[in-house]
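Presented below is the structure to which this report refers.
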2 protein chains.
Amino acid sequence: MNIGQASKASGVSTKMIRYYESIGLVRPADRTDSNYRSFGPCEVNELRFIRRARNLGFSVEEIGKLLSLWRDRERPSREVKAIAQSHVADLDARIAEMQAMADTLRELARCCAGDERPDCPILADLAEA
Amino acid sequence: MNIGQASKASGVSTKMIRYYESIGLVRPADRTDSNYRSFGPCEVNELRFIRRARNLGFSVEEIGKLLSLWRDRERPSREVKAIAQSHVADLDARIAEMQAMADTLRELARCCAGDERPDCPILADLAEA
DNA sequence: GATAGACCTTCCAGTCATGGGAAGGTCAAG
DNA sequence: CTTGACCTTCCCATGACTGGAAGGTCTATC
């Protein structure tokens, strides 16, 4: 399986596969005689794992930890849960922050006529708040 | 007023003031004989405006539009409202995305014993979903 | 007037995860 | 044997910053 096929099978772009290898997130792939990367089902599974973790918003650093726990059949689930929970806390904090922004802006927009007149509470707020 | 004082008065770091100037978000500041930037109350107000807009999550590009509308006393509030509403929609979309991630992870973590045993629904999900 | 240290200047590099593209090697089908 | 679809490495760009080096300037004190 070359990199293009591994990409299709895993849903990770070829660019990203090379990048993950370059930063050490995955082990360097085997090479064919002509220096092409060669992937087996095991490597493709790892790439899929990475893609799913990215879809859940984990950083590459967190994924590194999750991967090594995944590879370790003796890992305590406690460690995985801790990473997940800290990530959830992180997500929640960012959600709350953005929610506050959206609420403020919605309120300002609600008070804005939104017509041809220049009076605008949104700009007034940005200028003087 | 030199850049350090303008920074304190506006809450925008000196690095950022220079950056905003370099990308053309604000007009190049006047210079003293010794080539120091010189700011008046008007420029400081613009910087404050920018800081508040950033706090509401507007991108630099959006802030550029807001600034030029702010400078234009004849602007129709419609245009400002449109920018604000499109930004709110953007925020809402990102919030929904992160909320979905957080919900999924919370559910997975809830099902994870989080003890010394290796069985972990979080890793199982990442590996097989 | 010398010196210290707190400013200022420009420029260059790094962050994070990713995409784009150039220059060149390899492979399979026609 | 050519074509075109792969692959390789390399560097560059993104957005919105932060950090630092090298060097000029200002102000206060000795």
Side-chain angles (χ1 to χ4, degrees), chain A residues 1-26 28-40 43-44 46-67 87 90-91 94 97-98 101, chain B residues 1-26 28-40 43-44 46-67 87 90-91 94 97-98 101:
Chain A
M1 222 171 184
N2 63 25
I3 200 171
Q5 296 166 312
S7 168
K8 269 172 203 149
S10 66
V12 179
S13 73
T14 60
K15 282 278 185 191
M16 280 296 99
I17 295 174
R18 294 194 192 97
Y19 172 69
Y20 291 148
E21 185 184 286
S22 80
I23 62 172
L25 183 61
V26 297
D30 291 344
R31 300 293 182 127
T32 65
D33 288 350
S34 54
N35 202 31
Y36 282 19
R37 284 178 184 80
S38 171
F39 301 83
E43 283 76 28
V44 170
E46 281 207 5
L47 291 170
R48 260 199 284 261
F49 181 101
I50 291 170
R51 180 177 55 76
R52 292 195 192 107
R54 291 271 332 130
N55 287 346
L56 288 174
F58 284 102
S59 70
V60 166
E61 194 186 344
E62 288 169 324
I63 295 174
K65 293 182 201 157
L66 290 174
L67 264 179
H87 181 52
D90 202 68
L91 284 171
R94 287 193 285 159
E97 211 177 313
M98 295 171 69
M101 292 178 188
Chain B
M1 219 170 185
N2 63 27
I3 201 172
Q5 297 167 311
S7 167
K8 269 173 203 149
S10 66
V12 179
S13 75
T14 61
K15 281 280 188 192
M16 279 297 96
I17 294 174
R18 294 194 193 95
Y19 172 68
Y20 291 148
E21 185 185 286
S22 81
I23 62 172
L25 183 61
V26 296
D30 290 344
R31 299 296 181 123
T32 67
D33 289 349
S34 54
N35 202 31
Y36 282 19
R37 284 178 184 80
S38 171
F39 300 83
E43 283 76 27
V44 169
E46 281 207 7
L47 292 170
R48 259 199 285 262
F49 181 101
I50 292 170
R51 181 177 54 77
R52 292 196 191 106
R54 292 275 327 131
N55 286 347
L56 288 174
F58 283 103
S59 70
V60 166
E61 194 185 345
E62 288 168 324
I63 295 174
K65 292 183 201 155
L66 290 175
L67 264 179
H87 180 52
D90 202 68
L91 284 172
R94 286 191 286 160
E97 213 178 311
M98 293 171 68
M101 292 179 188

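In what follows, chains carry the letters A, B, and so on, assigned in the order in which the sequence lines appear, proteins first and then strands, with residues in each chain numbered from 1.
For the pair A/Tyr19 OH and D/dC10 C1', the interatomic distance rounds to 16 Å; values are reported in whole Å. The nearest whole Å value for the distance from the CD1 atom in B/Ile23 to the C1' atom in D/dG15 is 9 Å. Nucleotide C/dA23 holds its P atom 21 Å from the CG atom of A/Asn35, rounded to whole Å. Protein atom CE of A/Met16 is 13 Å distant from nucleotide atom P of C/dC16, rounded to whole Å. Look at CD1 on B/Ile3: it is 13 Å from P on C/dC7, rounded to the nearest Å. Straight-line distance from the NZ atom of B/Lys15 to the C1' atom of C/dA13: 10 Å, rounded to whole Å. Remark: P of D/dC26 and CG of B/Asp33 are 8 Å apart, rounded to the nearest angstrom. The CD-C1' distance, from A/Glu21 to D/dT9, rounds to 12 Å in whole Å.
For the pair B/Leu67 and B/Glu46, the minimum side-chain heavy-atom distance is below 4.5 Å. A heavy-atom distance below 4.5 Å is not found between the side chains of B/Arg94 and A/Arg94. Considering only heavy atoms from C-beta on, A/Arg54 comes within 4.5 Å of A/Ile50 through its side chain.
The phosphate of D/dC17 has OP1 or OP2 within less than 4.0 Å of a side-chain N or O from B/Tyr20. OP1 or OP2 of D/dT8 sits under 4.0 Å from a side-chain N or O of A/Arg18. Under 4.0 angstrom from either OP1 or OP2 of D/dT25 there lies no side-chain N or O belonging to B/Arg31. At the phosphate of D/dC17, OP1 or OP2 sits under 4.0 Å from a side-chain N or O atom of B/Arg54. The side chain of A/Ser34 places no N or O atom within less than 4.0 Å of a non-bridging phosphate oxygen (OP1 or OP2) of D/dC7. Contact between the side-chain N/O atoms of A/Arg37 and the OP1/OP2 oxygens of D/dC7 is not found at any separation under 4.0 Å.
Scanning residues 56-64 of chain A for heavy-atom distances under 4.0 Å to DNA chain D yields an empty list.
Judged by closest nucleotide on DNA chain C, B/Thr14 is the one of A/Tyr36 and B/Thr14 placed further toward the 5' end.
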A/Lys15/A/Glu21 under salt bridge (charged side-chain N to carboxylate O under 4.0 Å, His left out): CA gap, chis, key distance, verdict: CA-CA 10 Å; A/Lys15 282 278 185 191; A/Glu21 185 184 286; over 6 Å; no

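Although no hydrogens or angles enter the test, the distance criterion places no donor-acceptor pair under 3.5 Å between the side chain of B/Arg48 and the main chain of B/Arg52.
For CD of B/Gln5, the number of neighbouring non-hydrogen atoms (other residues, nucleotides, ligands) closer than 6.0 Å is greater than 12.
The minimum heavy-atom distance between A/His87 and A/Leu56, with the atom names listed, is NE2-O, 2.9 Å.
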